[in-house]
Amino acid sequence: MRTTLYGGVRIVDHPDPGNVYKLDLQCLPMIYEFHRHGLLADRERFAQLEVVLNAEILDLNERLAIEAGWEVNAASSDDVRRLLIRELGLSAPLGFQMTRSGQISMDSELLRSMRGQHPAVDMILRIRELRKLLNTYVAKLPQMLNAEGRLRTTFRHTSTETGRLSSENPNLQNIPARTKTGIEIRNCFRAAPGNLLVSCDLSQIEMVLAGHLSGDENMLRAFRDGSDIHTLTAVTAFCLPDSERRYYIRLSDMARREENGEAVVWTEDERRDWKQFKQQKRLPAKTVGFGILYGQTASGAQWNIVDQGGPVLSIEACEGIISGFFDAYPGIRNWMREQESRARTRGMVWDMFGRVRMLPAAMSEIPRIARKAVREAGNMPIQSSAQGIIKLAMAEAMELVKRYRRQNHVVMPLLQIHDELVFEVSEDCAECFAADLRDIMIGCVDLKVPHSASYSVAERWGELK
DNA sequence: CGGGAGCGCGCG
DNA sequence: AAAGCGCGCGCTCCCG
């Protein structure tokens, strides 16, 4: 039994936080490297992109004004509400979400669900997307370059609740990646001539850790066999009969092998069935699977499934998928309950390295406050453990960096983006460094699941992965 | 005109 | 009514 003070609170019987302090200390040399180097930017390319975006936004704004009959500011949710709800009378398939101040929310999730009712919806979405990219990144970042044309960020390593790093002035952990224009922004960052960018990330690390921490046998087996987790969840959650179960698991296996570059022969029926299963069953199951790690409820899942192009499901159906997930992986349910109980009875949870998060709110008598804390309790050990693994890898990778430097190679640690590390490395050894880095990210910790990491090498950031 | 709340959205 | 975890940051709107 150990009694210590943590955050000014006396607590009994919790893991030794000594390892955490060591972890945080050991990753500092690499953070120093991040600060020292910065990312090389392509001014020319930024400038070109800025012209293109400006033109498209201007054009869209004009067309929106014609459509509406007045000058709508897409960045003003008041304007958007006035146009779409009051003047055009549009409605959402799942009803409206309210903001804290009691207004109907006009966020992109809701707008996407109203697509097709009126052309103004798509225009507003597109204007929003482009304005965000232009104002936050394309017009802003080039002003922040140093004399060498490199962009430096500041990482904070003591500011988050889960041990994650945060990045500010500017934030280089949220550079766009998901859209076509976003990738063009990433392509404005590059390695210097003679160098290449290397990135390596931990695959599905949070789901892997859910398996490791809970010890759930079904999930461990699934990861060991390399089967598709979301298909397994789907067939259980939707209560498919045995024959269909086996059929779809076989199809998911074929899809995986095909992705790995194997030649796979599909019949026409199989193709059609897989495509339908993927959209109608696997997508909801996948969405729920991620949501569960955040404590998502049925109504949250319902919105999310629609948002990602899945079917409109009833609340009952969503509840069914969530409980189906827990039936497929009962160990996860028990583990989640254990975190909830730690939060409710002791006001704290901790991760696999002993990092503690105090959650006194979980003891609150106000249900909304307590529920929020319980969600945080379920997520923290997973997010925090993932971060611990990356910090271990950062410490070990620093030795790798020194070894390469002794052989006169250029190696510049550039960024940590939560489950990913980015380096700039001389081109003659980039591939080799990447493989060594991957081995460190896998080997730095021993989990019940053999986890994996994947790397990528390219000249420009947007070409990675 | 600066500060801050509220909203929205980029990333993992 | 509430609504999914962790961040940083830009714009709008309102206040002093």
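Letters A, B, ... are given to chains in the order of the sequence lines, protein chains preceding strands, and every chain is numbered from 1. Any value given below was found using the heavy atoms of this structure, including those in side chains, with hydrogens, waters and symmetry copies removed. This is a predicted model, so every value here is computed, not measured.
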Would you mind classifying the nucleic acid contact of [X] as base, sugar-phosphate or nothing, using non-hydrogen atoms under 4.0 angstrom?
X	value
Gln383(A)	base
Arg131(A)	sugar-phosphate
Asn73(A)	sugar-phosphate
Gly291(A)	base

Whole-Å distance between [N] [atom2] and [X] [atom1]?
X	N	atom1	atom2	answer
Lys132(A)	dC11(C)	NZ	C1'	10 Å
Asp79(A)	dC7(B)	CG	P	16 Å
Ile175(A)	dG12(B)	CD1	C1'	13 Å
Ile104(A)	dA3(C)	CD1	P	19 Å
His418(A)	dG12(B)	NE2	C1'	5 Å
Gln296(A)	dC5(C)	CD	P	10 Å
Ile389(A)	dG12(B)	CD1	P	18 Å
Asp107(A)	dT12(C)	CG	P	18 Å

Report yes if a side-chain nitrogen or oxygen of [X] is closer than 4.0 Å to either non-bridging phosphate oxygen (OP1 or OP2) of [N]; otherwise report no.
X	N	answer
Ser108(A)	dG8(B)	no
Arg375(A)	dA3(C)	yes
Arg164(A)	dG12(B)	no
Asn135(A)	dC11(C)	yes

Answer yes or no: is there an ion pair linking [X] with [Y], defined by an N-O contact shorter than 4.0 Å?
X	Y	answer
Arg82(A)	Glu87(A)	no
Asp42(A)	Arg460(A)	yes
Arg150(A)	Glu424(A)	yes
Arg63(A)	Asp59(A)	yes
Arg333(A)	Asp327(A)	yes

Position toward the 5' end of DNA chain C (nearest nucleotide), Glu161(A) or Ala301(A):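 Per heavy-atom nearest nucleotide, the more 5' residue is Ala301(A).
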
Using the criterion of both pairing distances under 3.5 Å for Watson-Crick and G-U wobble pairs, give all stems of 3 or more consecutive pairs involving DNA chain C. B:1-12 with C:5-16

Check: Ser159(A)/Ser166(A) side-chain N/O donor and acceptor closer than 3.5 Å: yes

Between dA5(B) and dG4(C), how far is it from one C1' atom to the other, in whole Å?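 About 22 Å, rounded to a whole number of Å.
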
Ring centres under 6.0 angstrom apart (Phe46(A), Phe189(A)): yes

